[in-house]
Amino acid sequence: HTMVRDIKDDSIKRIKKIMDSEANEIARTANNLNPLELQQVLYILKKCQGKIITTGCGTSGTAAKKIAHTFNCTGLSAFFLSPAEALHGGMGAIDKEDVVIFISKGGHSSELDLMIESVIKKGAVTIIVTENKNSVLAQKGSQTLLVKVEKEPDQFNMLATASTLAVISTFDAITIELSEERNYTQEEFLVIHPGGKVGEQLAEQFSD
């Protein structure tokens with residue numbers, strides 16, 4: 001109880017304000033997405049005959065892992081490829097029928113700049129998700145998707161927080177739209193998600 005009393009009411013108010021700020025940034029991002037870019041990304045993913053591969057460094061890499069998992073949850077074959085692993089033989093997993101999604105807030109890192117050269121040589125389609133349309137990656141990619149927040153909620157505008165959530169939210173929406181267009185069913189969902197509370201609820205529903 002002594003420890004709890006040390007937390008001031010102002011801290012709780014600031015936490016709520018920060019969360020509101022993040023939510024507002026995601027809403028603003030949704031309104032600022034380029035419809036043509038979104039259409040192109042949807043078209044590329046719908047036409048993909050191979051795998052969807054996501055990649056990114058640091059926090060963008062964490063977002064890329066989550067996005068790959070969401071694709072898998074709706075029956076789209078996807079996996080995260082670490083840029084470091086890719087540059088030391090992991091590129092062998094990429095085929096020309098695949099789509100590789102590069103996530104990079106600034107649109108530049110030494111690992112990703114090297115990686116995209118090899119991806120292009122392999123003939124795979126590339127989607128660059130970035131805030132910087134003039135970046136090295138954006139210039140070399142097959143398609144750019146600009147996802148840009150006005151400000152991160154921390155006082156220094158440094159932590160990739162709202163921007164990361166905006167990218168994840170964008171691909172949550174893209175994945176859901178693709179699954180609904182494919183008429184993805186709950187029966188199909190149960191096959192790939194038999195565990196946990198979701199699996200239990202679906203199993204009960206279809207056993208009735």
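Of the possible polar contacts, one joining the Gln49 side chain to the Lys47 backbone as a donor-acceptor pair under 3.5 Å is found. Without hydrogens or angle criteria, Glu131 side chain to Lys105 main chain gives no donor-acceptor distance under 3.5 Å. In this structure a side-chain-to-backbone donor-acceptor pair under 3.5 Å is present from Thr164 to Ala160.
With respect to the salt-bridge test (charged N to carboxylate O, under 4.0 angstrom), the residues Glu37 and Lys133 do not qualify.
The environment of Lys151 atom NZ is dense: over 12 non-hydrogen atoms of other residues, nucleotides or ligands sit within 6.0 angstrom. For Glu85, the CD atom counts as loosely surrounded, since its 6.0 Å shell holds 12 or fewer non-hydrogen atoms of other residues, nucleotides or ligands. Heavy-atom neighbours of Lys96 NZ from other residues, nucleotides or ligands within 6.0 Å: at or below the threshold of 12.
The nearest pair of heavy atoms linking Cys57 to Pro83 is SG-CG, 3.8 Å. The two residues Leu112 and Ile103 come nearest to each other via the heavy atoms CD1-O, 4.1 Å.
By the 4.5 Å heavy-atom criterion applied to side chains, Leu145 and Thr170 are counted as neighbours. Asp98 places a side-chain heavy atom less than 4.5 Å from the side chain of Asp95. Counting heavy atoms from C-beta on, the side chains of Lys66 and Thr62 never come closer than 4.5 Å. Under the 4.5 Å side-chain criterion, counting only non-hydrogen atoms from C-beta, Val41 is in contact with Gln143. Looking at heavy atoms from C-beta onward, Gln40 lies out of side-chain contact with Ile127 at the 4.5 angstrom threshold.
Hydrophobic clustering places Ile101 together with Val167 (ILVMFWY residues linked when any side-chain heavy atoms are closer than 4.5 Å, directly or through intermediates). Note on Ile116 and Val99: separate hydrophobic clusters, where clusters join Ile, Leu, Val, Met, Phe, Trp and Tyr whose side-chain heavy atoms are under 4.5 Å apart, directly or indirectly. Note on Val136: it does not cluster hydrophobically with Leu114, by side-chain heavy-atom contacts below 4.5 Å among ILVMFWY residues.
Neither side chain, Ser21 nor Lys17, offers a donor N or O lying under 3.5 Å from an acceptor on the other.
Listed by first and then second residue, the salt bridge (charged side-chain N to carboxylate O under 4.0 Å, His left out) pairs that reach into residues 18-33 are Glu25-Arg28, Arg28-Glu150, sequence neighbours excluded.
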For Ile67 and Ile52, run side chain to side chain contact (heavy atoms under 4.5 Å, CB included): C-alpha distance rounded to whole Å, both residues' side-chain angles, the deciding distance at 0.1 Å, then the answer.
-> CA-CA 10 Å; Ile67 290 164; Ile52 301 169; over 6 Å; no
Any chance you could lay out the side chain to side chain contact (heavy atoms under 4.5 Å, CB included) test for Leu81 and Met115, step after step, and finish with the verdict?
-> CA-CA 11 Å; Leu81 179 59; Met115 186 177 168; 3.9 Å; yes
Go through the steps to decide whether Leu38 and Ile174 satisfy the test side chain to side chain contact (heavy atoms under 4.5 Å, CB included), and finish with yes or no.
-> CA-CA 8 Å; Leu38 266 180; Ile174 286 170; 4.0 Å; yes
